[in-house]
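Small disclaimer: the values here were computed from a predicted structure and weren't measured.
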Amino acid sequence: MSASPVSYPSYSLPTVTEVKDGVGAYPLARDFVDFNRLNLQHHLWKDIFGYTLNPKIPRDKKFLKVADIATGTGIWLLDLHSQLDPSTKTELVGFDTDITQSGPKEWFPENFSLRKWSVFDDVPDDLVGTFDIVNVRLIVFVIEEDPAPVLRNLTKLLKPGGHLQWCEIDLESQHVETISPDVPTDCLQAVQNLTVLKNTRLLPTWVRTLKQTFEAEGLEAVEADWQTGKPHTRLAMHWCNLHIPMMISDKIRTTNPEKAKHIDTLIEGSITETHKGAMFAHTRVIVIGTKPHA
């Protein structure tokens, strides 16, 4: 017997203005719960792609200076640190607008440091052309339209011949996947409709053409690696990121508490639907490119 549809009140979608005003410059949280989500997400991401740093990016130099943009907890740099040849002298620098997420410097490798910087700001003179490798991941929520200005700043960080790795999720690909047609998905579909809105930073459309943007900006040896991951990894990632609608709900709770409460109810229903065999699924991409020597 198929499950009965979940009944919930009908609310209009938040407007574009409401979402922008409610979520602010960064639509997610920065708390200890999200620190755990970020760390778990990194390892699931690595399982989906099979690497931390694309193997086509060389790392066999005597000295490597590596930057991680929007570093969060620093997990990408720390994981890369464990993979590098100990004989390679490395300098690892994490950049973010909030550098308190990773913890005290005394607990990190001596060659690991943090620096406050936004990728939307001009590149400081002392950083121009200084990095062999620059990584950035999941800044999809803070770029609404054209990623080219951000890409130019990232490229400025690179030495001639340096390598850029940009990792993103294609939110346009988001859909609800089920193990069979009779699995209920009402709440998951409603969560998607209430939190991922067209024409806002919550549904950017530039990810699918990121490879072409690399090429248009003059980067060389550009490649895009698109992956969906194994079903069990997709499920783990779904559980990991189901917390995101809760964060968005919290962000609009002051401006529209009724809708926030409604989202909370839908998330509870989404958890039940996931146990029955439904989950959000996405396609993800890693684009790499090399800065020309001249």
May I ask you to decide if L151's main-chain N or O and E217's side chain share a donor-acceptor pair within less than 3.5 Å?
no
Group every Ile, Leu, Val, Met, Phe, Trp and Tyr by side-chain heavy-atom contacts under 4.5 Å, then state whether Y51 and I75 land in the same group.
no
Would you kindly say whether Q83 and T52 are connected by a side-chain donor-acceptor distance under 3.5 Å?
yes
Are V183 and I271 linked, directly or through intermediate hydrophobic residues, by side-chain heavy-atom contacts shorter than 4.5 Å (ILVMFWY only)?
no
Write down the atom of R115, the atom of P124, and the distance for their closest heavy-atom approach.
NH2-CB, 3.7 Å
Would a 4.5 Å heavy-atom cut-off, applied to side chains only, mark I286 and Q165 as touching?
yes
Flag yes if more than 12 heavy atoms outside D122 fall under 6.0 Å of its CG atom; otherwise flag no.
no
Can you confirm whether I143 sits close enough to F120 that some side-chain heavy atom of one is under 4.5 Å from a side-chain heavy atom of the other?
yes
Smallest separation among heavy atoms of L158 and H163, with atom names
CD2-O, 3.3 Å
From CA spacing to verdict: side-chain contact (heavy atoms from CB on, under 4.5 Å), L80, R59
CA-CA 10 Å; L80 181 67; R59 61 181 81 182; 4.1 Å; yes
Closest non-hydrogen contact found for E168 with V207 is CB-CG1, 4.0 Å
Those residues that, when tested against I99, pass side-chain contact (heavy atoms from CB on, under 4.5 Å) (two or more places apart):
D96, L114, K116
Is the side chain of Q174 donor-acceptor paired with the backbone N or O of Q192 at a distance under 3.5 Å, no angle test?
no
Can you measure from CZ (R37) to CD1 (I244) and round to the nearest 0.5 angstrom?
4.0 Å
Going by side-chain contact (heavy atoms from CB on, under 4.5 Å), name the residues that satisfy it together with E145, two or more places apart in sequence or in a different chain.
none
side-chain contact (heavy atoms from CB on, under 4.5 Å) evaluation trace for F49 with N54
CA-CA 9 Å; F49 283 91; N54 190 302; over 6 Å; no
In Å and rounded to the nearest 0.5 Å, what is the NZ to OG1 distance from K276 to T178?
13.0 Å
Verdict with supporting geometry, D170 and T283, side chain to side chain donor-acceptor pair (under 3.5 Å)
CA-CA 6 Å; D170 175 21; T283 304; 5.3 Å; no
Point-to-point distance, once rounded to the nearest 0.5 Å, from CG of L188 to OG1 of T272
10.0 Å
Tell me which pairs pass salt bridge (Lys or Arg N to Asp or Glu O under 4.0 Å) where either residue lies in residues 226-235, with sequence neighbours left out.
D47-K230, E177-R234
Looking at I69, L157, V136, which hits side chain to side chain contact (heavy atoms under 4.5 Å, CB included) with V119?
I69
Step by step, work out the side-chain contact (heavy atoms from CB on, under 4.5 Å) result for F131 and E91.
CA-CA 9 Å; F131 289 94; E91 183 178 350; over 6 Å; no
Regarding N111 and T90, do their side chains bring together a donor and an acceptor under 3.5 Å, going by distance alone?
yes
Is there a path of hydrophobic side-chain contacts, each under 4.5 Å between heavy atoms, that joins V285 and V150?
yes
Once you round to the nearest 0.5 Å, how far does CG of L78 lie from OG1 of T73?
7.5 Å
Determine yes or no for a side-chain-to-main-chain donor-acceptor pair under 3.5 angstrom, with N135 supplying the side chain and D68 the backbone.
no
Any salt bridge linking K56 with D225? Criterion: basic side-chain nitrogen under 4.0 Å from a carboxylate oxygen.
no
Would R253 and D250 pass as an ion pair if we require N to O under 4.0 Å?
yes
Side chain to side chain, K159 and D132, heavy atoms closer than 4.5 Å
yes
Co-membership, hydrophobic cluster, residues W107 and L77, 4.5 Å side-chain:
yes
Any residue meeting side-chain contact (heavy atoms from CB on, under 4.5 Å) with P160, in chain and number order, not counting sequence neighbours
H293
Just jot down the side-chain contact (heavy atoms from CB on, under 4.5 Å) partners of A216, sequence neighbours excluded, or say none.
none
Do side-chain atoms of S249 reach the backbone of P245 as a donor and acceptor pair under 3.5 angstrom?
no
Scanning both residues in full, the closest heavy-atom pair of T233 with L44 reads CG2-O, 3.8 Å
Would you check if the side chain of W45 reaches a backbone N or O of R284 as a donor-acceptor pair within less than 3.5 Å?
no
I need the I288 CD1 to F214 CZ distance, nearest 0.5 Å.
9.0 Å
Under a single-linkage definition using a 4.5 Å side-chain heavy-atom cutoff for Ile, Leu, Val, Met, Phe, Trp and Tyr, are W239 and I179 assigned to the same hydrophobic cluster?
no
Atom pair CE/CZ of M237 and F280 - distance to nearest 0.5 Å
14.5 Å
Are E172 and T205 close enough, and set up right, to give a side-chain contact (heavy atoms from CB on, under 4.5 Å), and what steps lead you there?
CA-CA 7 Å; E172 288 187 277; T205 59; 3.8 Å; yes
In the structure I gave you, are the side-chain heavy atoms of I263 and I252 within less than 4.5 Å of one another anywhere?
yes
Within a radius of less than 6.0 Å around CG of D126, do more than 12 heavy atoms belonging to other residues, nucleotides or ligands occur?
yes
Do you know which two heavy atoms are closest between W206 and I139, and how far apart they sit?
CZ2-O, 4.5 Å
Search all heavy atoms of E215 against all heavy atoms of K211 and return the closest pair with its distance.
OE2-NZ, 2.8 Å
So, using ring-ring contact (aromatic ring centres under 6.0 Å, His included) as the criterion, who are the partners of W226 when residues are at least two apart?
none
